[in-house]
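The next block holds one structure in the form of structure tokens; read it before the comments.
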Amino acid sequence: MISDGFSYVALLMFIAGSLKLLESRVGGRFFELLPAIVLLYGLVMGVASLGVWEKSESVNAAYGALRNNLLPAMIFLMLLKSDLRQIRKLGRQMLLAFAVAAVSICIAFTVAFALFNPLLPPEAWKSFAALSGSWMGGTGNMVAIQGALNVDETSMGYVLLVDSIDYSLWVILLLALVPYAKRFNRWAGADDSLLKDIGASLQADAANEPPADVKGSGAFTNTLFLLGAALAVSALCQAAAGMLPTTVFLTSTAWTVLIATAVGTLAAMSPLGRMDESENLANIMLYAIVALIASRANFAELSQAPLYVIVGMTILLTHGLIMVAAARLFKLDLFSCGVASLANIGGVASAPILAAAYSRHLVPVGVLMAMLGYIIGTGGGLFVGKILSLIST
């Protein structure tokens, strides 16, 4: 049994790295349905259930120090690719579709939670707040809300299951609807003639963007600088959060997350936003945090998983019905509705895939929409959490 903090962290990172390497080498349908980050949570939870490590003082100290300090650093790095100036180029129709998708997800979580609240545990609102962060942004937003609301590790197991199972079914449905786009657009009275022009314009802008490296600086220099900058931002955000007033909902961690979100969004409009290495660093920290959270969970405690999956399906069904009604009301085309929905629920990993199913020229649209989800995901998830907490009480 492992009782040393360093050995505990080393094992977690080895498991994370091995799974990601396996995913990159093997690929295939299996990893499309169950990405490495979902498998990481399940595998680490399984290892924890076997009692491979104990919650010794050294292990607990390593867990707390890494999770608390890496979280704001990861948020900062994650947002460096979310340049609001680029997102503005999406145009009114797609930004409207994204706004409708985000609002409909908030409504869907509220409706579904109100329906199933009597059957759920008292603290379930925190779990669904974390899920709403994922379904309005991405896994990084979910992890941020987990830290902000102190969601327990077993509840995060439920969240990961719902996020994996229900999300996969939603992706399949949206891809299956692609051949019916023209029929849907006629029904909604939508005009999609400008879509390809916007996609081609975004592709041309990306091709003409100047590189971030200057005077011989390269990947190593950028990576080292970004790592130092992210850790410095983490320390400063935590220091600033410690000076702000706290409530039961707006804890010091919640303030830290919100400040890091604001700093990352602003920094994305600086030359830091053109350093591609930020994405790799953010993903490394994300995998580390997910492994740490999973290491405190236990399979024996996942007794209510089917109920959570049903609630998740109810959320997606409600969201879908609202999107269809909004499409008719605002004359939105199926591409804008589908990609806006998946940019929220699936993030940058899947929104470009759906966009490519319509046209390769539209891939940048899916990417930018997903980036916008990263910006609003944490704040939106905390807002949903506040509503759900009121329903719960």
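Residue indices begin at 1 and follow the sequence shown.
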[X]-[Y] co-clustered via ILVMFWY side chain contacts under 4.5 Å:
{"X": "L70", "Y": "F6", "value": "no"}
{"X": "L317", "Y": "F113", "value": "no"}
{"X": "L227", "Y": "V263", "value": "yes"}
{"X": "V26", "Y": "L43", "value": "yes"}
{"X": "L40", "Y": "V9", "value": "yes"}

Donor-acceptor under 3.5 Å ([X] side chain, [Y] main chain):
{"X": "E23", "Y": "A36", "value": "yes"}
{"X": "T253", "Y": "A148", "value": "no"}
{"X": "T314", "Y": "I310", "value": "yes"}
{"X": "D166", "Y": "L316", "value": "no"}
{"X": "S336", "Y": "D333", "value": "no"}
{"X": "N68", "Y": "G64", "value": "yes"}
{"X": "S155", "Y": "V151", "value": "no"}
{"X": "N150", "Y": "Q146", "value": "no"}

Would you say the side chains of [X] and [Y] form a donor-acceptor pair under 3.5 Å?
{"X": "N222", "Y": "R274", "value": "no"}
{"X": "S234", "Y": "N69", "value": "no"}
{"X": "Y8", "Y": "S295", "value": "yes"}

Quick check for you: to the nearest 0.5 Å, what is the distance between [X] atom [atom1] and [Y] atom [atom2]?
{"X": "M285", "Y": "L66", "atom1": "CE", "atom2": "CG", "result": "10.5 Å"}
{"X": "M323", "Y": "T318", "atom1": "CE", "atom2": "OG1", "result": "13.5 Å"}
{"X": "T246", "Y": "W255", "atom1": "OG1", "atom2": "CH2", "result": "10.0 Å"}
{"X": "F383", "Y": "L388", "atom1": "CZ", "atom2": "CG", "result": "10.0 Å"}
{"X": "C337", "Y": "L332", "atom1": "SG", "atom2": "CG", "result": "4.5 Å"}
{"X": "M1", "Y": "L50", "atom1": "CE", "atom2": "CG", "result": "10.5 Å"}

Smallest separation among heavy atoms of [X] and [Y], with atom names:
{"X": "I289", "Y": "M74", "value": "CD1-SD, 4.0 Å"}
{"X": "V178", "Y": "A357", "value": "CG1-O, 3.8 Å"}
{"X": "A129", "Y": "G385", "value": "CB-CA, 3.5 Å"}
{"X": "I2", "Y": "V59", "value": "O-CG2, 4.3 Å"}
{"X": "A144", "Y": "L71", "value": "CA-CD1, 3.6 Å"}
{"X": "L174", "Y": "S341", "value": "CD1-OG, 4.2 Å"}

Non-hydrogen side-chain atoms of [X] and [Y] separated by less than 4.5 Å:
{"X": "L236", "Y": "I259", "answer": "no"}
{"X": "Y287", "Y": "M13", "answer": "no"}
{"X": "W53", "Y": "L11", "answer": "yes"}
{"X": "M142", "Y": "L160", "answer": "yes"}
{"X": "Y158", "Y": "S127", "answer": "no"}
{"X": "L149", "Y": "L382", "answer": "yes"}
{"X": "I322", "Y": "I105", "answer": "no"}
{"X": "V365", "Y": "F335", "answer": "yes"}

- Step by step, work out the side chain to side chain contact (heavy atoms under 4.5 Å, CB included) result for L354 and L175. CA-CA 6 Å; L354 179 62; L175 286 171; 3.7 Å; yes
- Below 6.0 angstrom between ring centroids: does that apply to H319 and W135?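 Between H319 and W135, the centre distance exceeds or equals 6.0 Å.
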- Does the ring centre of W125 sit less than 6.0 Å away from the ring centre of F128?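 F128 vs W125: aromatic centres not under 6.0 Å.
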Just wondering, are more than 12 heavy atoms of other shown residues or ligands nearer than 6.0 Å to [atom1] in [X]?
{"X": "M243", "atom1": "CE", "answer": "no"}
{"X": "R328", "atom1": "CZ", "answer": "yes"}
{"X": "E279", "atom1": "CD", "answer": "no"}

- Message: Before you tell me yes or no, could you show the steps for K81 and D276 under salt bridge (charged side-chain N to carboxylate O under 4.0 Å, His left out), namely the whole-Å CA-CA distance, both residues' side-chain angles and the distance that decides it to 0.1 Å?
- Response: CA-CA 8 Å; K81 288 298 176 184; D276 294 335; 2.8 Å; yes
- Criterion side chain to side chain contact (heavy atoms under 4.5 Å, CB included) on T256 and T251, from CA distance to verdict: CA-CA 9 Å; T256 301; T251 62; over 6 Å; no
- Message: Under the criterion ring-ring contact (aromatic ring centres under 6.0 Å, His included), I'd like the reasoning laid out for Y167 against W170: C-alpha separation, chi angles, the key distance, then a yes or no.
- Response: CA-CA 5 Å; Y167 151 74; W170 193 245; over 10 Å; no
- Apply the test side chain to side chain contact (heavy atoms under 4.5 Å, CB included) to residues N60 and R296: give CA-CA distance (whole Å), side-chain angles for both, the deciding distance (0.1 Å), then the verdict. CA-CA 10 Å; N60 289 339; R296 317 292 279 192; 2.8 Å; yes
- Message: Quick one, K331 with Q93, criterion side chain to side chain contact (heavy atoms under 4.5 Å, CB included). Give me CA distance, side-chain angles, the key distance, then yes/no.
- Response: CA-CA 9 Å; K331 300 186 186 324; Q93 179 172 307; over 6 Å; no
